J.: 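Below: one structure in structure tokens.
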There are 2 protein chains.
Amino acid sequence: MKVAEAQTRRKMGRPMSFDRQTALQKAMLAFWRTGYETTSVNDLTAAMGITAPSLYTAFGDKRQLFLEAARLYLGDPADIAREIEGAPTAFDAARTMLTAAAQAYTGELTPRGCLMASATASGSAASADVQAIVAGLRGEIERHLRARVIRDINEGVLPPQTDPAALSGLVMAVTQGLSVLARDGADRVALLGIVGAALAAWPANRIEGTTA
Amino acid sequence: MKVAEAQTRRKMGRPMSFDRQTALQKAMLAFWRTGYETTSVNDLTAAMGITAPSLYTAFGDKRQLFLEAARLYLGDPADIAREIEGAPTAFDAARTMLTAAAQAYTGELTPRGCLMASATASGSAASADVQAIVAGLRGEIERHLRARVIRDINEGVLPPQTDPAALSGLVMAVTQGLSVLARDGADRVALLGIVGAALAAWPANRIEGTTA
DNA sequence: TGGCTTTCATAGTGATTGCTATGTATCTTG
DNA sequence: CAAGATACATAGCAATCACTATGAAAGCCA
């Protein structure tokens, strides 16, 4: 018996003729490339290789499809939390995150920049809720980072006068800013250089911080 | 005789019943708030208080209106160049620019964030040229910054191993990133804190760089 | 095979997109 | 006061928007 099919199928009619996960990934790439509101359902169906009714029965509507695509893009939030909290220091967490961003934003098989940064960077009032959800996801990452900085302060790894919000905010700002530069054409080396420069801002890690 | 009118009018028919500059500013605010493609002509005419035919005779089309609004937003490029090149050091130029951004992005009378950062952050292929123009304007600022950093290196203000592109790129990235955070709801104090943290990345200015 | 269920492709829904044709109102010039 | 020129308001253009009604196709179970 096929496990994957048996789960979702309930009264077994005609099976889907396309792979849902593959189609979702194509949709993610389309949103990544051209944004949430500015990617039409027509663009999506073309990219996914399915018709509009198939899209709507499989994913609900454009909004739900985007949210699911964003979840696929971001990965499991618990993984991100683990990655930040499990790092040796907040500096390591920041370096890992920024380096990963610089590489992810300049992949050769994916669109430039960051889906979370660009897809809902602006939009009409009709999509305010989607923009808010994406903003919330960003905020979650920032809170984890800030908590990790505070832990470093409490453990004496960072000096007590360190401003946690300023430091976590800087990492977030650079992460989002790298996306803009990547979209503008900056290559991976340039982005990694910026990451190195940004990490030089880290207190008590100034000597160790590489400058690319 | 009224000078301003005499310049543009050629064969003098019925005069415009609205102030062109005021209408342009309203359009700028609309684009600022909801982006280039995601602000409809209907939204624009409503914000500007004029009808569609008036908009098209006065500004050409939506694309030209946006480009003119972007020019109004950014101000004279020569002023920006002067501001950067006229600063005592590259650090001062960066601090001035970042501080001004943090304040401009959190104005109470204007939309959050930066028009240049958000309005064309993503879009369909149909607006690729507009996105490219805005990207070009960003690139111009970055080049000025980079040249200012190089001058500091040559004059011994910055250490010779300084990476100019990394430093100018960092300022650009933080500038763009601040816009995202401002749109997400970060207040002025938070943004200025991030600016302070970013300036701590500046070589040979680490001690002087404020962190609040 | 004959129901039953679900997905498929075709085609089209009303609403909105950027933009404009048309005719009238309002100005300057002679 | 005409003639000429321009901007005005109304109304509507074709195209596209997100989305769906409809009926045939394709699977399972009896």
Side-chain angles (χ1 to χ4, degrees), chain A residues 1-2 4-20 22-23 27 30-31 34-69 123-130, chain B residues 1-24 27 30-31 34-69 119 123-130:
Chain A
M1 65 174 183
K2 300 177 182 178
E5 292 183 8
Q7 283 176 339
T8 50
R9 209 162 325 156
R10 321 210 328 172
K11 288 211 172 176
M12 350 203 148
R14 176 173 172 175
M16 279 202 300
S17 65
F18 62 95
D19 183 59
R20 196 180 182 281
T22 304
F31 282 128
T34 51
Y36 171 52
E37 282 190 278
T38 44
T39 301
S40 70
V41 172
N42 209 34
D43 296 334
L44 289 167
T45 55
M48 300 163 83
I50 62 177
T51 61
S54 297
L55 186 155
Y56 281 87
T57 52
F59 299 100
D61 61 358
K62 184 181 168 181
R63 194 186 96 103
Q64 292 177 21
L65 174 59
F66 173 77
L67 293 177
E68 199 165 338
S124 71
S127 74
D129 57 336
V130 175
Chain B
M1 66 174 184
K2 300 178 184 177
V3 181
E5 292 183 7
Q7 283 177 341
T8 50
R9 205 155 338 146
R10 321 213 327 172
K11 288 211 172 174
M12 349 202 148
R14 175 174 173 175
M16 280 202 299
S17 65
F18 62 94
D19 183 59
R20 195 181 184 279
Q21 200 63 14
T22 304
L24 177 60
F31 282 129
T34 51
Y36 171 52
E37 282 191 277
T38 44
T39 301
S40 69
V41 173
N42 209 35
D43 296 334
L44 290 168
T45 55
M48 301 164 82
I50 62 176
T51 59
S54 297
L55 187 155
Y56 281 89
T57 53
F59 299 101
D61 62 358
K62 182 182 169 181
R63 194 186 95 103
Q64 292 177 22
L65 173 58
F66 173 78
L67 293 177
E68 199 165 337
S124 72
S127 72
D129 57 337
V130 176

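Note: hydrogens, waters and symmetry copies are ignored here, and every other heavy atom, side chains too, is used. First the proteins, then the strands, lettered A, B, ... as listed; each starts at 1. As the structure is a prediction and not an experimental result, all values here were calculated from the model.
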J.: Would you compute the distance between atom OG1 of A/Thr51 and atom CZ of A/Phe18 and round it to the nearest 0.5 angstrom?
T.: 8.0 Å
J.: Would B/Asp61 and B/Gln64 count as a side-chain contact (heavy atoms from CB on, under 4.5 Å) here? Give the steps.
T.: CA-CA 5 Å; B/Asp61 62 358; B/Gln64 292 177 22; 3.3 Å; yes
J.: Distance only, no hydrogens: is a donor on one side chain within 3.5 Å (strictly under) of an acceptor on the other, for A/Glu37 and B/Thr38?
T.: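 Looking only at side-chain atoms, B/Thr38 and A/Glu37 do not form any donor-acceptor pair under 3.5 Å.
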J.: Can you tell me how far P of D/dA26 sits from CZ of A/Phe18, to the nearest Å?
T.: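 The answer, rounded to whole Å, is 17 Å.
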J.: Between the protein and nucleotides 9-13 of chain C, list the N/O to N/O atom pairs that are separated by less than 3.5 angstrom.
T.:
unit_1 : atom_1 : unit_2  : atom_2 : d
C/dA9  : OP2    : A/Thr51 : OG1    : 3.4

J.: What are the two closest heavy atoms between A/Arg20 and A/Ala58, and how far apart are they?
T.: NH2-O, 2.9 Å
J.: Start with the C-alpha gap between A/Ile50 and A/Leu44, add the side-chain angles, then the distance that decides, and say whether side-chain contact (heavy atoms from CB on, under 4.5 Å) holds.
T.: CA-CA 9 Å; A/Ile50 62 177; A/Leu44 289 167; over 6 Å; no
J.: How close or far is atom P of C/dT17 from atom CG of B/Leu55, stated in whole angstroms?
T.: 14 Å
J.: Are A/Lys62 and A/Phe31 in a cation-pi contact, defined as NZ or CZ under 6.0 Å from the six-membered ring centre and within 45° of the axis?
T.: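 No, A/Lys62 does not lie over the aromatic ring of A/Phe31.
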J.: Side-chain N or O of B/Tyr56 less than 4.0 angstrom from OP1 or OP2 on C/dT20?
T.: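 For C/dT20, neither OP1 nor OP2 has a side-chain N or O of B/Tyr56 closer than 4.0 Å.
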J.: May I have the distance from A/Asp61 (atom CG) to D/dC19 (atom C1'), rounded to whole angstrom?
T.: 9 Å
J.: Within the sub-3.5 Å range, which N or O atoms of nucleotides 12-17 of chain D have a protein N or O partner, and how far apart are they?
T.:
unit_1 : atom_1 : unit_2  : atom_2 : d
D/dC17 : OP1    : A/Ser40 : OG     : 3.4

J.: Is the side chain of B/Thr57 donor-acceptor paired with the backbone N or O of B/Ser54 at a distance under 3.5 Å, no angle test?
T.: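 Flag set: sc B/Thr57 to bb B/Ser54 pair under 3.5 Å.
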J.: DNA chain D: A/Arg63 or B/Met16, which has the more 5' nearest nucleotide?
T.: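 Looking at DNA chain D, the more 5' nearest nucleotide goes with B/Met16.
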J.: Could you tell me which non-hydrogen atom of B/Met48 sits nearest to which non-hydrogen atom of B/Ala27, and how far apart they are?
T.: SD-CB, 3.8 Å
